[in-house]
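Have a look at the structure below, then the notes.
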Amino acid sequence: MKFLIISDVHAISEELSKLPDGHGYHGEDGSGFRIEHRTKSSNRILALGDCLNDQAGQIDVLVCLGDFAHQAKKLVLLQVWHDLHEVAQRLKIPMVIGIRECPTFCV
């Protein structure tokens, strides 16, 4: 069984970055990966299809081990989840598993 494992995406949204504290991000965002960037040259997830094109049909599971989105912003997380499925479809990966970060303490 072959796995494609992705971790620590830490995507952000340019639009959320523009909102004042309390509505956007708290503190530094620290990520250069903006979900609004929809080209393969600027979106590292979308670029995976090209990088691994020769592996199409040979990977069984795509696993993202969390940190999809900086500060677990829902809109950003959903876009990254969509993009991961787009890559899985392109590479003919039948299963996508995501372990999302928990915005509050989890037991």
Side-chain angles (χ1 to χ4, degrees):
M1 192 169 234
K2 282 188 170 182
F3 293 86
L4 170 58
I5 298 175
I6 300 169
S7 179
D8 297 298
V9 177
H10 292 281
I12 67 170
S13 167
E14 289 178 357
E15 296 304 314
L16 287 175
S17 295
K18 295 174 186 175
L19 296 175
D21 284 341
H23 301 288
Y25 294 106
H26 303 283
E28 298 286 323
D29 60 52
S31 175
F33 181 23
R34 301 333 196 227
I35 60 167
E36 291 86 2
H37 297 175
R38 306 307 302 157
T39 64
K40 293 173 188 170
S41 62
S42 62
N43 183 319
R44 60 187 107 171
I45 292 175
L46 297 179
L48 283 172
D50 286 345
C51 293
L52 298 171
N53 197 38
D54 62 330
Q55 296 294 310
Q58 299 179 40
I59 301 170
D60 301 299
V61 184
L62 186 157
V63 181
C64 187
L65 297 176
D67 293 328
F68 290 60
H70 183 60
Q71 297 180 357
K73 298 296 185 184
K74 186 175 183 179
L75 171 71
V76 180
L77 188 147
L78 290 172
Q79 183 62 56
V80 170
W81 186 241
H82 175 271
D83 290 350
L84 290 170
H85 278 83
E86 189 175 309
V87 168
Q89 183 177 22
R90 179 169 178 197
L91 295 176
K92 300 178 181 135
I93 301 172
M95 183 181 293
V96 179
I97 297 173
I99 302 168
R100 73 172 192 92
E101 60 272 27
C102 185
T104 57
F105 182 74
C106 295
V107 180

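Throughout, numbering of the chain's residues begins at 1 and tracks the sequence.
The shortest non-hydrogen separation linking Gly24 to Lys73 is O-NZ, 2.9 Å. Residues Lys40 and Asp50 approach most closely at CD-OD2, 3.2 Å, considering heavy atoms. Among all heavy-atom pairs drawn from Val87 and Gly49, the shortest one is CG1-N, 4.4 Å. Residue Glu36 comes nearest to Ile12 through the heavy atom pair OE1-O, 4.1 Å, listed as atom of the first residue, atom of the second, then distance.
The hydrophobic cluster containing Met95 also contains Ile99, counting ILVMFWY residues as joined when their side-chain heavy atoms lie under 4.5 angstrom apart, directly or transitively. Cluster annotation: Leu46 and Ile6 are assigned to distinct hydrophobic clusters (Ile/Leu/Val/Met/Phe/Trp/Tyr, side-chain heavy-atom contacts under 4.5 Å, transitive). Connection of Leu19 to Val76 is established within a shared hydrophobic cluster, with ILVMFWY side chains joined at heavy-atom distances below 4.5 Å, either directly or through further cluster members.
Atom NE2 of residue His10 and atom CG of residue Asp67 lie 3.5 Å apart, to the nearest 0.5 angstrom. Residue Lys2 holds its NZ atom at 8.5 Å from CG of Asp60, rounded to the nearest 0.5 Å. We find the CD1-CD distance between Ile45 and Gln79 to be 9.0 Å, quoted to the nearest 0.5 Å. Atom NE2 in His70 sits 13.5 Å away from atom CG in Leu77 (nearest 0.5 Å). Atom OG of Ser13 is separated from atom CZ of Phe33 by 11.5 Å, given to the nearest 0.5 angstrom. To the nearest 0.5 angstrom, Ile93 atom CD1 is 11.0 Å from Gln58 atom CD.
Each of Ile5, Ile97, Leu4 was scored for a side-chain contact (heavy atoms from CB on, under 4.5 Å) with Leu62, with one residue passing: Leu4.
With contacts defined as side-chain heavy-atom distances shorter than 4.5 Å, the pair Val9/Leu84 does not qualify.
Around the CD atom of Glu14, the shell of radius 6.0 Å holds more than 12 heavy atoms that belong to other residues, nucleotides or ligands. Counting non-hydrogen atoms of neighbouring residues, nucleotides and ligands closer than 6.0 angstrom, the NE2 atom of His82 reaches no more than 12 such neighbours.
With hydrogens and angles ignored, the 3.5 Å screen pairs no side-chain donor or acceptor of Asn43 with any backbone N or O of Arg38. In this structure, Gln71 contributes its side chain and His26 its backbone to a donor-acceptor pair below 3.5 Å.
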*After noting the C-alpha distance and the side-chain angles of Arg44 and Asp83, does the key distance pass the salt bridge (charged side-chain N to carboxylate O under 4.0 Å, His left out) rule?*
CA-CA 10 Å; Arg44 60 187 107 171; Asp83 290 350; over 6 Å; no
